Amino acid sequence: MDYDFTSVEKKWQQRWEDSGVFHAVDGSDKPKFYALVEFPYPSGAGMHVGHIKAYSGLEVISRKRRMQGYNVLFPIGFDAYGLPTENYAIKTGLHPRVVTDRNIEKFTSQLKKVGFSFDWTRVIDTTQEDYYKWTQWIFLKMFEHGLVFRDKTLVNYCPSCKVVLSNEDSQGGHCDICHSEVVQKSKDVWYLRITAYADKLLEGLETVDYLPNVKQQQVNWIGKSTGAFVNFAVAGTDETLRIYTTRPDTLFGVTFMVMAPEHPLIDKYADKIANMDEVRAYRAECAKKTEFERTQLVKEKTGVRLSGFSAVNPVNGKEIPVYISDYVMMGYGTGAIMAVPAHDQRDYEFAQKFGIDIIEVIKGGDISKEAYAGDGEMVNSDFLNGLTDKKTSIEKMLAFLEEKGIGEKGVQYKMKDWAFNRQRYWGEPIPIVHCPHCGMVPVPYDQLPLKLPAVKDFQPGSDGESPLAKIDSFVQCKCPKCGADARRETDTMPQWAGSSWYFLRYIDPHNDQRFADFDKLKYWGQVDWYNGGMEHVTRHMIYSRFWHRFLYDIGEVPFPEPYAKRTAQGLILGPDGDKMSKSKGNVVDPNEVVDALGADVLRTYVLFMGDYEKAAPWSETSVKGCKRFIDRVWNLQEIVTDGDGYSPDLEIAFHKTAKKVSDDIEAMKFNTAIAALMTLLNKITDKGSVTRGELKAFVTMLDPFAPHVCEEIWERIGGEGMLADGKWIAYDESKTVDATIEVPVQVCGKLRATVTIPRDATADEAIAAGKAAITAQLEGKQILKEIYVPGRIINIVAK
RNA sequence: GCGCCCGUGGCGGAAUUGGCAGACGCGCCGGAUUUAGGUUCCGGUGAGUAAUCGUGCAGGUUCAAGUCCUGUCGGGCGCACCA
C-alpha cells in the first residue's frame, strides 16, 4: 500500500485549520507555554530550508507541550519593512505594499504546506497601520522619557543603499544589506539612548536562561569596562585633557599622551599649536580612511606631535608631549589616552617609532623587546612601589586621584547609542514635527498612526534624502503645539524597530486600544522559549530587550526581561558544505522537497541531519533515509494486530524509547530522538507484528516530528480524536531498564569478555561473575584491584 | 590580538559526561524479488591475515581518556588599535 503523502498532508492541514486546535486561548486554566521563533522577512525568494529548521525545533516542542496539556502560544508573523523590498520596488516599479503582500502570501502558503502548528489567528505584519501605530507609540514614549535625541555626527553611510547604518549594520566596514564598503559621512542622526540601559541589559542576563555563548556575546557587545578618568593639565593653560584608563596603577609610566585626530581641544587651541598645518594634513588623511581601514589595516602607527601643546602628568608633575594619532578613537572613552609604552603594545609601537621614553613600572617583562602586560611588582611608582597585587595598586591610585581631585573611578561601554533613522521609504515614519518655534514636537498620541503616504517614486534623493521629503503634502504640516507652519520628519525607522516588540503584540494582536492588554500580558508573561539564529544575538536580541525593559520601567509591561530562555539553531549548508547562496547555486528549495517527498520527510530530515545547534550540510541522498523511515512507519499498518497493551518482548523497548524521546526533545537533541524511534521501528519489524496499542504509542511519539502520517495512521487504527490535541506518551521509569544487563569485563582496561548479570547485582556478585568469565587471562596473575561500576563495567587489575 | 566553540569510519553524525568508540541514517558490498533499471526485503560494512591498532598531533593524570590536564597543529564564530 503506497503512502499518498500529498493528499494525506493536505487533508490534515485542512482539519487542523478547521478545528482550530492550534489556537492559543487567552486566560485558559491550563498552564501556559509561549514558544517564539524569529518571524521571517518575507523576501521575494520565498522560504529557505533554513527557515524550516529554525521553526521545526520549537514546532516539535510546541506539539509535545500541547499533548502534555499546556495552553500553547506558538505564533508567526512577518517582519516586512526593509530594503530588499524597497530596492525590488525601485527596480520593477511595483509598490512595496504590493510586493510585500505578495511575498507574505507566498510565505504563508509555504509555511502551511509544511504543517507548522502556528496560531494563524494571531499573524502580524509589521507594515500594517494597526501594528506600526504601536511601534510609533513606543518611540514617542521613549521620546517623552528622554531616550531619543538628535545629533549631527559622522555616521556609517552606505553609498550604494544611500542610507545611514548603525554600527551593528556595518560590522566589518561593510553594509549588512548590499555588502558595499561603508563610508563616514556627517549627518543629522536620530539616536535611541540604549547606552542608558547598558547596565540593566547586563544585569538582566543573570536572570535568564540563554545559551552560554549567546550570553557571552551580549556581554562582549555591551563591553563594560571599569577604570578611571584622569585629568591631565595642559601646560600653560587652565585646560584639562581628560582621559579614560583601565590601568590607573601605571600612571607613573605615562610618557606621552595621544588624542583622536577629531578631538575638539585641537580646534580650541589651534592658534597655540605651532604645526597646525601638519595637523590639518594628518586629519584630512584620516578622514579619507574608512572606519574599516582605520581599524582593520593595522600596519604602522602614524601620528603628529602637537608642538606648543603639552600636558603634565598629575602624579609626578612631569611635562609630557601630546600627539594625535588615528589609533585613538573619538567614539570610545574621552577620545584621548595616557600612553604607557612599557605596558601597552600599541603605545609601545608608537613610542618606538617616535623615539619616546619607555619607563617600566611593573616588573616581569623585558621592555627592551616588547610591552609587558602581565602582573608583577610595581617599580618607579613612588607610593605604589613594592606592591604586587594589581587590584591593590589600582585601589591605592584611585584613592590618591580622588583625594587630589585629579581623577575618579569610571565605567565605559563599547556599546554605542543606536542610530535610529533611515533615509528610506519602506519603514515606519518617525512621528516628529520640526517646528521653527517649538523645535522637535511629537505627533500627539491620538493622531497615531502617522501613516506612510502612498507614493510612486521610491528613489532616494541624490544627497541621501528620504523619498518622503519629495512629498509636500506629507512634509508640510502645522505644529501640534503652536499651530505654526512646520515640517514633518521625513526619515523612517530602521528595520529593527518593528521586531523590537513583536512578541508582545502576539499576545493581543487585534487590540486597538493598547499595544497589548495588560492582563493578557500578565497571563502569557515571558516568552518561555525563544529560538533563532546566532546572527541576531547582538542586534535584534539587544534591541528588543532594551525596548522591553524600557516598557517595564514605565509600567507598561509586567515583567522586565522578555525572553526566559534562548536557544539557537545551526545553519543548513549547501550539499557542497558551503553556506547556501543564490550565486553559488547550492540553495535547496523546501517546496521541492515537500512536493517530492512530503512535509513529514522534510521536517524529520532537518532535525535528523545533525546536532540542532550546529551547521550541517544538506544531503540529497540522506534525506531519502527519512523518506524510507516514514514509509516504513506507514507500512506498520500491514502487520498491526489486536491488543491495546505492549507485547512482553517490546515493553521495555517502548518505555525506554518514550523516555529517550521525551528527554531528548527537551534538550533539543532531535537527531537522537529520531534515531531512537528508528531503532524501535527496526525492533518492531524484526519481530514482524505490532499491536494496535504499540502502534498508537509509536505514532504519538513520532507525531511532533511527522504529524501528518501519524494523524492518518492514528485515525485508521481507530484512535480517538486527533493527535494534535491528544495525550503525550507516559512511561514507567522502572520499565525503562532491563532485568539483566550485559556488562563488559576488562583486564587492566582491555576488553576480555562480557557477562550477563542481574541489573541489581552487588559488586561482589558482579566481580565474581566477571572473574569467572576471564579465568584464562587471570591464570598465574596476582589480582591488585577489582572495580565494578554498577551497570557499566567490570575491570580487574592484575599482574 | 582577545573571547567562545569544534577536529571521531567513505559521508552526516552517536557516545547516559571518565566506563564495550562508531548508535541512527547515508553510501558501499553480497543475496532475494524484478525482463532490466528503480523500489522493497534480508545479510555484511573502522583498519589489519592475525595478535592487535584505532577519536588531528605530542605528552601527562587514571584501574580506565573521544571525554580531564599541558603543549601543538588545523577549522569555525564573535569582537577588535576599546585605552
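Excluded from the calculations below are hydrogen atoms, water molecules and symmetry mates; all remaining heavy atoms, backbone and side chain alike, are included. Computed from a prediction, not measured in an experiment: that's the story for all the values here.
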[N] versus [M] - spacing of their [atom1] atoms, nearest Å:
N	M	atom1	answer
B:G56	B:U62	P	23 Å
B:G19	B:G78	C1'	36 Å
B:C20	B:C11	P	24 Å
B:A23	B:U33	C1'	30 Å
B:G13	B:U55	C1'	13 Å
B:U67	B:A15	P	15 Å
B:G7	B:A64	P	24 Å
B:U39	B:A32	C1'	14 Å

Taking atom [atom2] of [N] as reference, at what distance in whole Å does atom [atom1] of [X] sit?
X	N	atom1	atom2	value
A:E733	B:U16	CD	C1'	12 Å
A:N231	B:A83	CG	P	19 Å
A:D664	B:A14	CG	P	11 Å
A:N213	B:G76	CG	P	18 Å
A:I796	B:A64	CD1	C1'	13 Å
A:R752	B:C63	CZ	C1'	14 Å
A:M609	B:C11	CE	P	17 Å
A:I787	B:U62	CD1	C1'	9 Å

Problem set entry | Heavy-atom pair of closest approach, residues A:S325 and A:P261 |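 Heavy atoms of A:S325 and A:P261 come nearest at O-CD, 3.3 Å.
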Just checking [X]: base, sugar-phosphate only, or nothing, at a heavy-atom cut-off of under 4.0 Å?
X	result
A:Q345	nothing
A:A615	sugar-phosphate
A:D611	sugar-phosphate
A:T679	sugar-phosphate
A:D347	nothing

Hey, is the side chain of [X] pairing donor to acceptor with the base of [N] inside 3.5 Å?
X	N	answer
A:R628	B:U40	no
A:K614	B:C5	no
A:N795	B:C63	yes

Proximity to the side chain of [X] - top-ranked nucleotide from [options]:
X	options	value
A:I793	B:C63, B:C20, B:G13	B:C20
A:T672	B:C81, B:C20, B:A14	B:A14
A:Y332	B:C82, B:G13, B:C81	B:C82
A:S622	B:C26, B:C41, B:C20	B:C26
A:R346	B:G3, B:C81, B:C24	B:C81
A:Q746	B:C20, B:C24, B:G3	B:C20
A:N682	B:C24, B:G3, B:C81	B:C24

Counter-base of [N], judged by Watson-Crick or G-U geometry with both distances under 3.5 Å:
N	value
B:G1	B:C79
B:U39	none
B:G7	B:C73
B:C63	B:G19
B:G27	B:U45

For this session: Please work out whether B:G9 sits syn or anti, treating a glycosidic angle within 90° of 0 as syn.
Result: syn
For this session: For B:U17, measure the glycosidic angle (O4'-C1'-N9-C4 for a purine, O4'-C1'-N1-C2 for a pyrimidine) and name it syn if it falls within 90° of 0, otherwise anti.
Result: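 B:U17: syn glycosidic orientation.
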For this session: Output yes when A:R566 and A:E38 qualify as a salt bridge under the 4.0 Å nitrogen-oxygen rule, no when they do not.
Result: yes
Exercise. Hey, is A:K669 close enough to A:D663 for a salt bridge, meaning N to O under 4.0 Å?
Worked result: no
Less than 4.0 angstrom between a side-chain N/O of [X] and OP1 or OP2 of [N], yes or no?
X	N	answer
A:K669	B:A15	yes
A:N220	B:C82	no
A:R792	B:G18	no
A:Y244	B:A83	no

Seminar exercise, completed: RNA chain B nearest-nucleotide lookup for A:P617 and A:F608: closer to the 5′ end is A:P617
Exercise. More 5' along RNA chain B: A:I674 or A:C748, using each one's nearest nucleotide?
Worked result: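 By nearest-heavy-atom nucleotide position, the 5'-most residue is A:I674.
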For this session: Would you please classify the geometry between the A:W418 ring and the A:Y543 ring as parallel, tilted or perpendicular, with 30° and 60° separating the classes?
Result: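 Parallel: the ring planes of A:Y543 and A:W418 meet at under 30°.
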For this session: Specify whether A:H540 and A:H536 have parallel, tilted or perpendicular ring planes, treating 30° as the upper limit for parallel and 60° as the lower limit for perpendicular.
Result: perpendicular
Exercise. Taking A:K301 for the side chain and A:K353 for the main chain, is one N or O donor matched with an acceptor at less than 3.5 Å?
Worked result: no
For this session: Please confirm whether the backbone N or O of A:D199 pairs with a side-chain atom of A:K224, one donor and one acceptor, at under 3.5 Å?
Result: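 Looks like no, no N/O pair under 3.5 Å.
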Exercise. Which residue, A:L677, A:I674, A:T672, forms the side-chain contact (heavy atoms from CB on, under 4.5 Å) with A:F608?
Worked result: A:I674
For this session: Look at atom NZ of A:K409 and say whether more than 12 heavy atoms of other residues, nucleotides or ligands are closer to it than 6.0 Å.
Result: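 Count not over threshold, so no.
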